[in-house]
A.B. asks: 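Here it is, the structure, as structure tokens.
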Amino acid sequence: MKKILTGLKPTGELTLGNFIGAIMQMRKMQDEYDSYLFIADMHAITIHQNPSELRKRIKDFLALYIACGIDPKKNIIYLQSENEYIPAISWLLECTTYYGEASRMIQFKEKSKNNANFSVGLLTYPVLMAADILYADIDLVPVGIDQKQHVELARDIAIRFNKMYGDTFVVPQPLISQTGTKIKDLKDPTKKMSKSEESPNGVITLLDDVELAKKKIMSATTDSEMSIKFDEEKKPGISNLINIYSSLTGKTISEVEKEFEECNYGTFKKAVANVVADTLTQIQEKYQELMQGDALDKMIDEGIQISRKIAKEKFETMKEKMGLHR
Ligand code: ATP
Ligand code: LTN
């Protein structure tokens, strides 16, 4: 079975867009691949984080992904910072990465621009990411387009290391999802719904109060026509609501259009608000359960043990190949 790995940087709050666009795809993939999922908390600290907020967000992210249906029985789930072999592997990889290629990364250039005091970690960020991927011989890495360049660097590093020291790593491939539906901001349906965007009424987070979430749907920007027809160019607001309804109910776009053929926008919005409310209620109930007691900790304990064992083996192999042994 092919191995797939997803890394989640715990910044911002998870949105309905993340759920429909990414988490629902992950739920499908967990049945088809040997799946790894981890919280990239060491990547988060390349930019200063408030420690108590970071700690809370890490736990929230873990609980929410599991509450959304990411199954700890089908995924190896762990915290990056609990695997001490990953930064050790990252160091060995740093010594096989050129300064030139690291400094050419678009994310590095953007985040270091206009900032006199950026950390060295911002430069070595993609090498740590390569370590995340290469230690476990991952075949496929689902990422957004912004992270594609980093996965390509991980490929280059793997190929170079294999050439220098003999076959050591599987060469991974980025998996850019074309199929996931893009959910738009409810107030400005020409922009994507984004967890780092300041748009309190345009973004629904997974932990939003359910009544508030319904209000956000009811006040979503639409057009001045009457028909519930999918047309992203002319009717971006209604099309976005159709996408949300169709994704959450599993109905096709034309089935949704047919269902609401005779209805006005108010009736349709109410129906969308109700499915969103049902989805959030289910997620939040499971989330509350996980936040109490020690079930969450137990799930993560299992994942980290497996991850450490695999990483330790790879670290030993790398050191031996590089001559770092007695
Ligand atoms: P940011 O605003 O910081 O870019 P984001 O909300 O876009 O954050 P990411 O962490 O970049 O989230 O993305 C996590 C995953 O969620 C990616 O696979 C991305 O494609 C998906 N995703 C994020 N927002 C949406 C959206 N509005 N619709 C569909 N998928 C989304
Ligand atoms: N850089 C990624 C998070 C990330 C990751 C990874 C993703 C860290 N390590 C390994 C895939 C594979 C981000 O910002 N979303």
Side-chain angles (χ1 to χ4, degrees), residues 2-15 17-19 21-23 25-26 29-30 33-49 54 57-58 60-62 64-65 70 75-91 93-94 97 102 105-112 118-119 121-158 169-177 180 192 194-197 303-304 307 310-311 314:
K2 288 214 162 174
K3 286 187 177 181
I4 199 161
L5 169 123
T6 305
L8 309 160
K9 202 161 61 169
T11 49
E13 278 181 82
L14 289 172
T15 68
N18 295 128
F19 178 71
I23 304 176
Q25 320 299 317
M26 285 162 65
M29 290 193 293
Q30 66 186 357
Y33 296 98
D34 194 359
S35 306
Y36 290 63
L37 179 128
F38 72 97
I39 305 284
D41 49 352
M42 290 198 293
H43 278 104
I45 59 162
T46 49
I47 292 183
H48 177 74
Q49 304 287 328
L54 179 60
R57 206 167 306 116
I58 290 169
D60 268 359
F61 263 60
L62 281 169
L64 270 174
Y65 271 86
I70 300 302
N75 292 265
I76 298 169
I77 304 180
Y78 56 97
L79 280 195
Q80 182 190 36
S81 63
E82 289 184 354
N83 187 336
E84 66 274 31
Y85 296 103
I86 291 176
I89 290 172
S90 181
W91 172 255
L93 295 177
E94 273 178 40
T97 306
M105 292 291 116
I106 296 161
Q107 183 177 295
F108 170 70
K109 287 204 266 188
E110 276 175 0
K111 297 211 168 164
S112 58
F118 61 85
S119 68
L122 215 50
L123 176 70
T124 55
Y125 182 114
V127 189
L128 178 61
M129 197 165 150
D132 289 332
I133 300 167
L134 300 182
Y135 91 84
D137 288 327
I138 297 299
D139 299 289
L140 290 170
V141 188
V143 281
I145 198 82
D146 62 316
Q147 295 296 316
K148 182 168 173 250
Q149 196 187 29
H150 290 163
V151 181
E152 280 163 356
L153 180 64
R155 281 177 66 83
D156 291 344
I157 298 173
F169 299 118
V170 166
V171 178
Q173 267 185 20
L175 183 70
I176 310 290
S177 161
K192 85 165 192 176
S194 167
K195 64 178 156 65
S196 55
E197 199 64 42
I304 192 62
S307 163
I310 298 171
K314 192 62 100 186

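Counting convention: from 1, in listed order, for ligands and their atoms alike.
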A.B. asks: Report the part of Phe38 in contact with ligand 2, treating N, CA, C, O as backbone and CB onward as side chain, heavy atoms under 4.0 Å; options are side chain, backbone, both, neither.
C.D. replies: side chain
A.B. asks: Please identify which atoms of ligand 2 are closer than 4.0 Å to at least one heavy atom of Val141.
C.D. replies: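 Those qualifying, in numeric order: 11 (C), 12 (C).
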A.B. asks: Could you list which atoms of ligand 2 come closer than 4.0 Å to a heavy atom of Tyr125?
C.D. replies: 1 (N), 2 (C), 13 (C), 14 (O)
A.B. asks: Could you grab the distance from atom CD1 of Ile58 to atom CG of Leu8, nearest 0.5 Å is fine?
C.D. replies: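 CG of Leu8 is found 11.5 Å from CD1 of Ile58.
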A.B. asks: Where the side chain of Glu82 meets the backbone of Ile304, is there a donor-acceptor pair that is under 3.5 Å apart?
C.D. replies: no
A.B. asks: With side-chain contact (heavy atoms from CB on, under 4.5 Å) as the test, pick out the partner of Tyr36 among Asn75, Ile77, Ile133, Ile138.
C.D. replies: Ile138
A.B. asks: Working to the nearest 0.5 angstrom, can you tell me the gap between Met105 CE and Gln149 CD?
C.D. replies: 4.0 Å
A.B. asks: Provide the number and element of each atom of ligand 2 under 4.0 Å from a heavy atom of Asp132.
C.D. replies: 6 (C), 8 (C), 9 (N), 10 (C)
A.B. asks: Using a 4.0 Å cut-off to any heavy atom of Leu5, which atoms of ligand 2 qualify?
C.D. replies: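 Within the 4.0 Å cut-off of Leu5, ligand 2 contributes 10 (C), 12 (C).
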A.B. asks: Are side-chain N/O atoms of Gln107 and Asp146 paired as donor and acceptor at under 3.5 Å?
C.D. replies: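 No, no side-chain donor-acceptor pair sits under 3.5 Å.
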A.B. asks: Spell out, as yes or no, whether a donor-acceptor pair under 3.5 Å connects the side chain of Gln147 to the backbone of Ile145.
C.D. replies: no
A.B. asks: For ligand 2, which atoms have a heavy atom of Ala40 less than 4.0 angstrom away?
C.D. replies: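 Result: 8 (C).
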A.B. asks: Name the option, out of Gln147, His150, Lys9, that contains the heavy atom nearest to atom 2 (C) of ligand 2.
C.D. replies: Gln147
A.B. asks: Can you find an N or O of Gln107 that's nearer than 3.5 Å to an N or O of ligand 2?
C.D. replies: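 N/O-N/O distance below 3.5 Å does not exist for this pair.
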